[in-house]
Participant: 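Next up is a structure, given as structure tokens.
Every chain is numbered from 1 and lettered A, B, ... according to where its sequence line falls, protein lines coming before strand lines. All figures in this text were calculated on a predicted structure; none of them were measured in a lab. Only heavy atoms go into these numbers, but all of them, side chains included; no hydrogens, no water, no symmetry mates.
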Protein chains: 2
Amino acid sequence: MAPKDQAQGTENSGQLDFPRPLATVDVVIFAIRNEGLHVLLVQRPAGAGEPFPLSWALPGGFVDVAKDRDLEACAVRKLKEKTGVTSPYLEQLGSWGSAGRDPRGWSATHAYFALMPEEAGRTALAPDAQWFPVSAGRIKPKLAFDHGEILTAAVERLRNKVEYTSLPAYLMPAEFTLPDLQRVYEIVLDRPLEKSAFRTRILSADMIEPIAKMRRGPNRPAQLYRLKKGKEPVYFVRTFNPPE
Amino acid sequence: MAPKDQAQGTENSGQLDFPRPLATVDVVIFAIRNEGLHVLLVQRPAGAGEPFPLSWALPGGFVDVAKDRDLEACAVRKLKEKTGVTSPYLEQLGSWGSAGRDPRGWSATHAYFALMPEEAGRTALAPDAQWFPVSAGRIKPKLAFDHGEILTAAVERLRNKVEYTSLPAYLMPAEFTLPDLQRVYEIVLDRPLEKSAFRTRILSADMIEPIAKMRRGPNRPAQLYRLKKGKEPVYFVRTFNPPE
DNA sequence: CTAAGTAAGTTGCACAGTACAACTAAGTAG
DNA sequence: CTACTTAGTTGTACTGTGCAACTTACTTAG
């Protein structure tokens, strides 16, 4: 039986015995590793009746109406199961739902995207999880379901936001230098940025603070910074001017 | 029975006989009427077992797995049912899902937001639908479910985007002047904008074109424009500089 | 016919923040 | 001590907004 057109709004919408779509949550987890943007994927099981056996997929799964108080709690749970940690940044990305995206039936997934420092993703990675480099907004293996499309949307959202926010700060380790941060911006945007304009922008944003320590190397030492506590992401009033 | 932790990923996730959340779609439909931002609401029925009887709510309802190919098609359908038209702009806003938001059980809604010109919303409005003014991001009546929260998020998203996009163009009638458009920007942002900077921004964006007609009034006539066909929204590289 | 009023549209200068490029500073390695 | 490298600064050009005064084109009152 199909729901009434005006479900949530007709005299008999109290009857709820019509077919419901499957509800899942998937999380696109980004980290910087080896000077490159990486995403965490999970290999699908090979069991009978399993869709996309052995394909790689975004970590996620069904909403558990007994366990999950709300969608975000569900996303946090999935993230924790695969990485052993909670991420410093979690944002809703959007939802994808259609008749055909899952062979098991009409399904809708609520996608989230998370940013974490490399160091966080090393602790307790699930055995079926693995980091994959993202190049040109794509991943090498073809992903299960429509996860390739979701990943592309996540990369695009990340790139757009990096243009005018402080999001890359959540990809940094506890202590970092300004050139470190700039490199992460450049990795995500895949283009070089102006050093002086970058420094002006970041330092006037009141988002990081210097600590009493320098990063020493074979050349001039660099000031180390840390994120100010409890800092929301900062929104700048301009984008970096794209080249072209 | 609860889904496995690793649903979409365990040997027996082929079994799909665990409880599923309710899946709905709701649409926040904006239009400018009487120099003010308005949103379309629908009054809930009074039948037995109906949650929030006679409260006002966002137009929406259950996903119909037989009728709706995907979520967006479902949103378009809801929109059409209430307004009789399709809107020139429809964007996904986010999803809200939790155990408590609907007394009938764990439910998740996929929220969209739509922009349309006033003229479009006059044709075939459903009898239970009505336009309400939005002031200070709020609506007078307390809305059903968590729709107040969703509306607040939609207004916030709209305000943010108006700061650096051409979205208000979708709120305009077929022919409009630049001062008309500026007024709509000012209505949404709730603050005055600079005339000359506004004109420079809009005219250099290649989004509207002048037509061979002027708007005549008790003073200097104004050039009429129309949206260029098939125009995607334009993103500017700066926001208008907020005051203070 | 003229003057006053009003809104459309233009112009010029100040200001903020990025782009570009050259410079200084502080370390290591030979 | 010199060469090299990266951190960090400085100065000038450019772009687009903020602000304010100005011109233009119409209506209405007299």
Participant: Take atom CG of Leu193(B) and atom C1' of dC19(D), then tell me their distance rounded to the nearest Å.
Facilitator: 14 Å
Participant: Evaluate Arg226(A) against Glu209(A) for salt bridge (Lys or Arg N to Asp or Glu O under 4.0 Å), listing each step before the verdict.
Facilitator: CA-CA 6 Å; Arg226(A) 67 170 169 226; Glu209(A) 54 193 2; 3.1 Å; yes
Participant: What is the distance from atom CD of Gln43(B) to atom CH2 of Trp56(B), rounded to the nearest 0.5 Å?
Facilitator: 4.5 Å
Participant: Could you tell me which non-hydrogen atom of Phe176(A) sits nearest to which non-hydrogen atom of Arg215(A), and how far apart they are?
Facilitator: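 Between these two residues, the closest heavy atoms are CA-NH2, 4.4 Å.
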Participant: Please report, rounded to the nearest Å, how far the P atom of dT15(D) is from the CZ atom of Phe236(B).
Facilitator: 18 Å
Participant: Would you call Asp128(A)-Lys82(A) a salt bridge at under 4.0 Å N-O?
Facilitator: yes
Participant: Will you find, in the side chains of His110(A) and Ser95(B), an N or O donor that is under 3.5 Å from an N or O acceptor?
Facilitator: yes
Participant: Return yes if the base of dG9(C) and the side-chain atoms of Arg199(B) contain a donor-acceptor N/O pair under 3.5 Å, otherwise no.
Facilitator: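 Not at all, since no donor on one side and acceptor on the other fall under 3.5 Å apart.
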Participant: Contact list please: residues 164-189 of chain B against DNA chain D, heavy atoms, distance less than 4.0 Å, in numerical order.
Facilitator: none
Participant: Could you work out which one of dG18(D), dT9(D), dC20(C) sits closest to the side chain of Glu194(A)?
Facilitator: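 Looking only at side-chain atoms, Glu194(A) lies closest to dC20(C).
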Participant: Enumerate the residues from residues 206-223 of chain A whose closest heavy atom to DNA chain D is under 4.0 Å, giving them by residue number; use none for an empty result.
Facilitator: Asn219(A), Arg220(A), Pro221(A), Ala222(A), Gln223(A)
Participant: Would you say Arg201(B) places a side-chain N or O within less than 4.0 Å of OP1 or OP2 belonging to dT17(D)?
Facilitator: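 Checking dT17(D) against Arg201(B), a side-chain N or O does come within under 4.0 Å of OP1 or OP2.
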Participant: What is the distance, rounded to the nearest whole Å, between atom CG of Asn241(B) and atom C1' of dA14(C)?
Facilitator: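 My rounded result for the distance is 13 Å.
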Participant: Would you mind pulling out the nucleotide paired to dA25(C), Watson-Crick or G-U wobble, both distances under 3.5 Å?
Facilitator: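 dA25(C) is paired, partner dT6(D).
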Participant: Has the side chain of Arg159(A) got a donor or acceptor atom that lies under 3.5 Å from a matching backbone atom of Val188(A)?
Facilitator: yes
Participant: Any idea how Phe30(B) and Phe113(B) line up, ring-wise: parallel (<30°), tilted (30 to 60°), or perpendicular (>60°)?
Facilitator: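 Phe30(B) vs Phe113(B) ring planes: perpendicular.
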Participant: Between atom CZ in Phe198(A) and atom C1' in dT6(D), what is the gap in whole Å?
Facilitator: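 After rounding, the gap between these two atoms is 16 Å.
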Participant: If you take the centroid of each ring, where Trp contributes its six-membered ring, are Tyr185(B) and Phe198(B) closer together than 6.0 Å?
Facilitator: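 So the answer is yes for these two rings.
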Participant: Ile202(B) has an atom CD1; how far is it from atom C1' of dA8(C), in whole Å?
Facilitator: 16 Å
Participant: What heavy-atom pair brings Tyr89(A) and Pro233(A) nearest, and what distance separates the two atoms?
Facilitator: CE1-CG, 4.0 Å
Participant: Can you tell which of dA21(C), dG16(D), dT10(C) lies closest to the side chain of Arg238(B)?
Facilitator: dG16(D)
Participant: To the nearest angstrom, how far is Phe240(B) atom CZ from dG18(D) atom P?
Facilitator: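 After rounding, the gap between these two atoms is 8 Å.
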Participant: Between Leu203(B) (CG) and dG16(D) (P), how many Å, whole number?
Facilitator: 13 Å
